[in-house]
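A short worksheet on the structure shown next.
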Amino acid sequence: MTHPLFRHAEFYITVNQLQGLPPATGIEVAFAGRSNAGKSSAINTLVGRTRFAFVSKMPGRTQHINFFKLAEGRFMVDLPGYGYAQVPQAIREHWVHLLSSYLKTRQSLYGMVLIMDIRHPLTKLDLQMLDWFSQTGKPVHVLLTKADKLSKTRAREVLNEVRQFLSANYPHCTAQTFSSLKVEGVDEASELLQGWFDAGQAAAGGGEQQ
Ligand SMILES: Nc1nc2c(ncn2[C@@H]2O[C@H](COP(=O)(O)OP(=O)(O)OP(=O)(O)O)[C@@H](O)[C@H]2O)c(=O)[nH]1
Ligand SMILES: [Mg+2]
């Protein structure tokens with residue numbers, strides 16, 4: 001069952017330039033991670049619709065910042081993946097600028113969902129992202145996705161290792177396992193996001209629930 005948070009999800013806007021960003025009035029949660037890690041699939045799985053966000057056969061397909069509206073003033077933001085080598089230098093520089101400016105300066109950004117392939121967690125680029133985004137003081141929740149590719153025991157071991165690493169180095173970061181293929185971890189992630197949106201709204205001074 002789709003969590004109530006996502007029941008009215010709809011595509012909102014695609015952005016390719018900082019100037020194109022919508023006004024920073026609502027509360028946003030960004031989905032970041034390596035190219036092909038499964039960001040768009042995770043958004044589809046949370047929303048409960050297979051063709052909601054664009055999922056690629058080829059890595060590097062999400063090339064713009066895509067906003068999805070959940071309710072008035074509540075957005076999920078699908079970011080282009082990092083680490084895809086085949087992208088021409090000029091385009092890569094454009095993304096890096098767009099992504100880093102968005103992540104660092106966006107006032108309405110409450111936190112980040114950082115997607116990692118459970119078979120390759122905490123890559124060098126993921127650590128750079130954690131290091132760099134932690135400076136904002138905003139929370140990060142790691143989804144170790146494609147958990148269906150490992151045995152349950154192995155997936156649990158990786159989760160424990162990642163949690164230990166995070167609590168030692170990035171205490172404001174949390175982690176869970178996830179699978180878009182098997183639709184696992186959806187309730188846990190949905191509850192966490194509900195908490196973030198509610199906290200963001202309370203902090204913004206709007207007391208009432210949507
Ligand atoms: N087995 C399995 N495959 C998955 C899972 N999640 C995503 N995939 C596959 O991984 C590939 C990449 O998924 P996307 O959701 O497009 O990844 P992305 O992170 O949005 O990629 P970019 O937009 O290119 O950065 C696709 O072939 C998906 O079908 C999962 O939980 N399990
Ligand atoms: Mg994508």
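Start at 1 and go down the list; that is how both ligands and their atoms are numbered. Keep in mind that this is a model prediction, so the values were computed, not measured.
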Quiz item: Are any of the heavy atoms in Gly33 under 4.0 Å away from ligand 1?
Solution: no
Quiz item: What atoms of ligand 1 come within less than 4.0 Å of a heavy atom belonging to Ser179?
Solution: 31 (O)
Exercise. Give a yes or no on whether Ser35 keeps an N, O or S atom under 2.8 Å from the Mg ion (ligand 2).
Key: no
Self-check item: Which of the ligand 1 atoms, numbered from 1, are nearer than 4.0 Å to a heavy atom of Thr145
Solution: 31 (O)
Self-check item: Lys149 contact mode with ligand 1 (heavy-atom cut-off under 4.0 Å)
Solution: side chain
Practice problem: Check step by step if side-chain contact (heavy atoms from CB on, under 4.5 Å) holds for Leu103 and Trp132. | Solution: CA-CA 10 Å; Leu103 288 172; Trp132 182 85; 3.7 Å; yes
Exercise. Tell me yes or no: between the side chains of Thr45 and Ser180, is some donor less than 3.5 Å from an acceptor?
Key: yes
Quiz item: Which residue from Ser41, Ser180, Ala32, Gly38 reaches closest to atom 28 (C) of ligand 1 through any of its heavy atoms?
Solution: Ser41
Quiz item: From Leu143 CG over to Leu46 CG, what is the distance, rounded to the nearest 0.5 angstrom?
Solution: 7.0 Å
Quiz item: Under a single-linkage definition using a 4.5 Å side-chain heavy-atom cutoff for Ile, Leu, Val, Met, Phe, Trp and Tyr, are Leu125 and Tyr170 assigned to the same hydrophobic cluster?
Solution: yes
Quiz item: Do Pro80 and ligand 1 have an N or O pair less than 3.5 Å apart?
Solution: no
Exercise. Please could you name the atoms of ligand 1 that Gly81 approaches to less than 4.0 Å, counting only its heavy atoms?
Key: 25 (O)
Quiz item: Using a distance-only test with no angle check, is there a side-chain donor-acceptor pair under 3.5 angstrom linking His64 and Asp78?
Solution: no
Quiz item: Which atoms of ligand 1 have any heavy atom of Asp148 under 4.0 Å away?
Solution: 1 (N), 2 (C), 30 (C), 31 (O), 32 (N)
Quiz item: Are Glu184 and Lys152 close enough for a salt bridge, meaning some N to O gap below 4.0 Å?
Solution: yes
Exercise. Could you see which bit of Asn36 sits under 4.0 Å from ligand 1, with heavy atoms only: side chain, backbone, both or neither?
Key: both
Quiz item: Short list, please: which atoms of ligand 1 are under 4.0 Å from a heavy atom of Lys39?
Solution: 15 (O), 17 (O), 18 (P), 19 (O), 20 (O), 21 (O), 22 (P), 25 (O)
Quiz item: Could you give the distance from CZ (Arg7) to OG1 (Thr2), rounded to the nearest 0.5 Å?
Solution: 7.0 Å
Practice problem: For atom CD of Gln107, decide whether the heavy atoms of other residues, nucleotides or ligands shown that lie under 6.0 angstrom number more than 12. | Solution: no
Practice problem: May I ask you to check if ligand 1 and Ser40 share an N or O to N or O distance below 3.5 Å? | Solution: yes
